[in-house]
Amino acid sequence: MKKLLVILSLGLLALTGCNDKGNPQPPLVTNPTLPPATEDFVPGETITVTGSGFTASDQIWFRTPTKAVAQDIQATIVEQTPTEITFMTPEGLPAGENTIILKRSDAEMTLGKITVAEISAKLYGFGTVDRETTGILWEIDKTTGEPTEIVLLPTEENNGWGSPVVDPVNDLIFFYKWYGDDDSRRHVELYRADSKNKTLDKIGSLKDNKEKTFYHLCMIKRQLHAVIETKNNDDEVFYSLVAIDPNTAAQTTVIDPQSLNKALSVPNSAGVGMDGDDVPPVYDPISKGLLIPVWNGERYQLIKMDLAGKKIVSGDIVGNGGDLNLFPMNGKICGTEYSRDYMGVDFRIIDAETLTAGTSIGNATLAGDDGFSFESPWYYDAATNSSYSVIWKDLESENTQTILCVYDFQAKTFKKIKTYAEGLSLWMVFN
């Protein structure tokens with residue numbers, strides 16, 4: 001299965017439609033300017049076209065040629081003024097030449113052409129076959145669940161691997177290795193795995209000998225970032241955002257430290273923050289914010305790190321206290337909440353502007369699965385319109401049994417793909 005890399009190229013402006021005398025209509029907009037032809041885009045990223053004469057009723061469509069007939073796919077407009085229009089690159093664009101169309105009532109105008117190249121959309125997993133000594137980065141077959149080793153992740157006492165994020169254009173996976181006990185993680189080193197060449201490189205140190213400081217990697221516009229969670233001596237928690245150089249691990253501050261306790265209006269003793277390092281913050285290009293589910297001391301609550309305002313915005317308390325994670329889904333943000341009351345996961349679309357959860361769009365339950373639970377994050381795959389995760393249970397042998405699962409949003413079905421043999425532990429899957 002493939003995602004799409006969209007390479008934008010300038011084309012000749014063309015206008016379709018004539019008046020009743022057969023003369024060409026005047027252009028809908030004048031002096032349209034597209035991004036440079038060298039700039040590329042993937043589904044979910046935004047494109048801005050400037051010009052004169054855009055109106056509130058304008059629509060942007062991608063004309064995708066097929067063997068039989070052209071098909072139009074509408075883009076979601078993010079911002080619109082008389083002099084520019086910004087829209088999201090939609091999912092579902094085929095490889096080859098596509099045309100960007102401006103539509104207004106019954107008229108339309110060609111703004112330019114794009115070339116779409118295929119890139120891999122792989123499912124990855126962290127795990128081990130011996131539980132104690134060696135971690136493994138796998139590629140996971142989405143149909144059979146069969147793992148294929150990419151690289152080994154040597155693991156010693158008092159260290160571990162976490163916070164994976166993927167560069168889908170270059171088939172690169174970034175994550176870190178931490179040292180120290182699980183609560184302090186005094187040393188954190190950034191690593192990069194190349195899934196094509198099956199190589200593992202240590203890039204550099206993210207922190208050295210710092211207590212009460214945790215890193216949560218994420219991608220913003222295909223650039224590596226991290227939310228840094230710190231706690232002072234009064235137990236007040238602060239969040240900041242940095243951009244990370246993927247070749248040196250050098251950090252550049254994007255948002256200065258902001259008090260999470262003050263944003264949530266809770267005391268320092270509440271014990272707020274992110275739960276674990278495997279649930280990545282998710283960037284929303286429409287609101288230009290980084291959405292994060294955080295524990296407010298009693299339940300999970302949505303917050304957004306506003307990149308424009310350089311501040312934390314608090315949102316709704318979500319669900320009844322079960323584990324919560326977010327993932328991008330066809331230009332939107334989906335939230336999943338695990339409920340221990342009915343041993344299931346509920347999927348809801350999150351409004352990134354108001355930070356509220358909508359009605360359920362599906363749920364997966366574990367009725368009758370004695371001892372298994374949903375504890376791992378879910379990740380969405382646009383090619384299959386499905387979300388993948390892992391369920392697990394502890395065995396009397398002190399091993400863990402894990403099962404790869406999938407929820408199909410089209411069919412509204414949940415199924416188990418593969419039950420792994422005792423001793424092979426799949427910690428989590430991601431893409």
Side-chain angles (χ1 to χ4, degrees), residues 3-8 35-48 78-79 86-89 91 117 119-122 124 162-176 188-196 201-207 214-229 239-258 274 277-292 303-312 326-329 331-333 352 379-380 382 430-431:
K3 281 187 181 176
L4 301 174
L5 167 63
V6 181
I7 303 173
L8 194 60
T38 55
E39 188 173 352
D40 58 36
F41 301 87
V42 296
E45 292 185 331
T46 57
I47 299 171
T48 298
V78 176
E79 293 179 329
T86 299
F87 48 92
M88 295 181 69
T89 308
E91 300 280 358
I119 63 170
S120 298
K122 299 176 181 178
Y124 301 103
S163 200
V165 294
V166 177
D167 172 1
V169 176
N170 299 301
D171 285 321
L172 300 176
I173 307 110
F174 295 92
F175 45 89
Y176 61 61
V188 176
E189 295 174 341
L190 180 66
Y191 280 75
R192 176 182 59 226
D194 185 326
S195 66
K196 283 185 178 179
D201 298 303
K202 184 172 75 173
I203 299 173
S205 176
L206 292 177
K207 74 164 186 172
F214 298 88
Y215 277 70
H216 306 272
L217 299 182
C218 58
M219 285 287 187
I220 300 177
K221 299 180 181 178
R222 276 191 282 159
Q223 301 297 314
L224 185 62
H225 289 70
V227 174
I228 304 177
E229 179 179 293
Y239 276 9
S240 59
L241 179 66
V242 297
I244 299 176
D245 188 310
N247 297 307
T248 66
Q251 303 171 49
T252 303
T253 300
V254 178
I255 298 179
D256 290 324
Q258 310 283 319
M274 277 186 266
D277 55 13
D278 295 329
V279 182
V282 176
Y283 178 68
D284 174 59
I286 297 179
S287 66
K288 296 183 176 63
L290 196 64
L291 274 64
I292 308 170
I303 68 165
K304 178 170 62 180
M305 298 191 77
D306 182 352
L307 271 68
K310 308 289 185 181
K311 61 182 180 180
I312 296 176
L326 308 175
F327 55 79
M329 178 181 180
K332 299 178 181 179
I333 306 297
Y379 286 83
Y380 179 73
F430 55 92
N431 59 8

Residues which pass side chain to side chain contact (heavy atoms under 4.5 Å, CB included) with Glu45, listed by chain and number, not counting sequence neighbours = Phe41, Val42, Arg222

Nearest heavy-atom neighbours spanning Val282 and Leu326 | CG2-O, 3.5 Å

Thr86: partners by side chain to side chain donor-acceptor pair (under 3.5 Å), with sequence neighbours left out = Thr48

Sorted by chain and number, sequence neighbours left out, side chain to side chain contact (heavy atoms under 4.5 Å, CB included) with Ala193 holds for Leu137, Val151, Ile173, Phe175, Leu200

Please name the pair of heavy atoms, one in Val242 and one in Thr253, separated by the smallest distance, quoted to 0.1 Å.
-> CG1-CA, 4.1 Å

Listed partners of Lys221 passing salt bridge (charged side-chain N to carboxylate O under 4.0 Å, His left out), at least two apart | none

pair Phe214-Ser163: side-chain heavy atoms closer than 4.5 Å = no

Could you pull out all residues at least two apart from Asp167 that satisfy side chain to side chain donor-acceptor pair (under 3.5 Å)?
-> Asn170

Check side chain to side chain donor-acceptor pair (under 3.5 Å) between Lys332 and all other residues, then give those that pass, not counting sequence neighbours.
-> none

Go through the structure and list residues passing side chain to side chain contact (heavy atoms under 4.5 Å, CB included) with Ser240, not counting sequence neighbours.
-> Ile228, Pro257

Sub-4.5 Å side-chain heavy-atom contact between Lys288 and Tyr283 = yes

Would you find a donor on one side and an acceptor on the other, under 3.5 Å apart, between the side chain of Glu229 and the backbone of Met274?
-> yes

Identify, with sequence neighbours excluded, every residue that meets side chain to side chain donor-acceptor pair (under 3.5 Å) alongside Gln251.
-> Tyr215

Below 4.5 Å, heavy atoms only, C-beta onward: do Lys310 and Asp256 meet side chain to side chain?
-> no

Go through the structure and list residues passing side chain to side chain contact (heavy atoms under 4.5 Å, CB included) with Asp194, not counting sequence neighbours.
-> Leu172, Lys196, Asn197, Thr199

Do Arg192 and Asn247 have side chains that get closer than 4.5 Å, going by heavy atoms?
-> yes

So which pairs with a foot in residues 241-250 pass salt bridge (Lys or Arg N to Asp or Glu O under 4.0 Å), sequence neighbours left out?
-> none

Check whether any side-chain N or O of Ser205 sits under 3.5 Å from a backbone N or O of Lys207 as a donor-acceptor pair, and report yes or no.
-> yes

Can you name the salt bridge (charged side-chain N to carboxylate O under 4.0 Å, His left out) partners of Glu189, sequence neighbours left out?
-> Lys202

Pro164 vs Tyr124 side-chain heavy atoms within contact, under 4.5 Å | no

Looking at side-chain heavy atoms only, is the closest gap between Ile255 and Lys311 below 4.5 Å?
-> no

Tyr191 meets the ring pair (Phe, Tyr, Trp, His ring centres under 6.0 Å) criterion, sequence neighbours left out, with Trp161

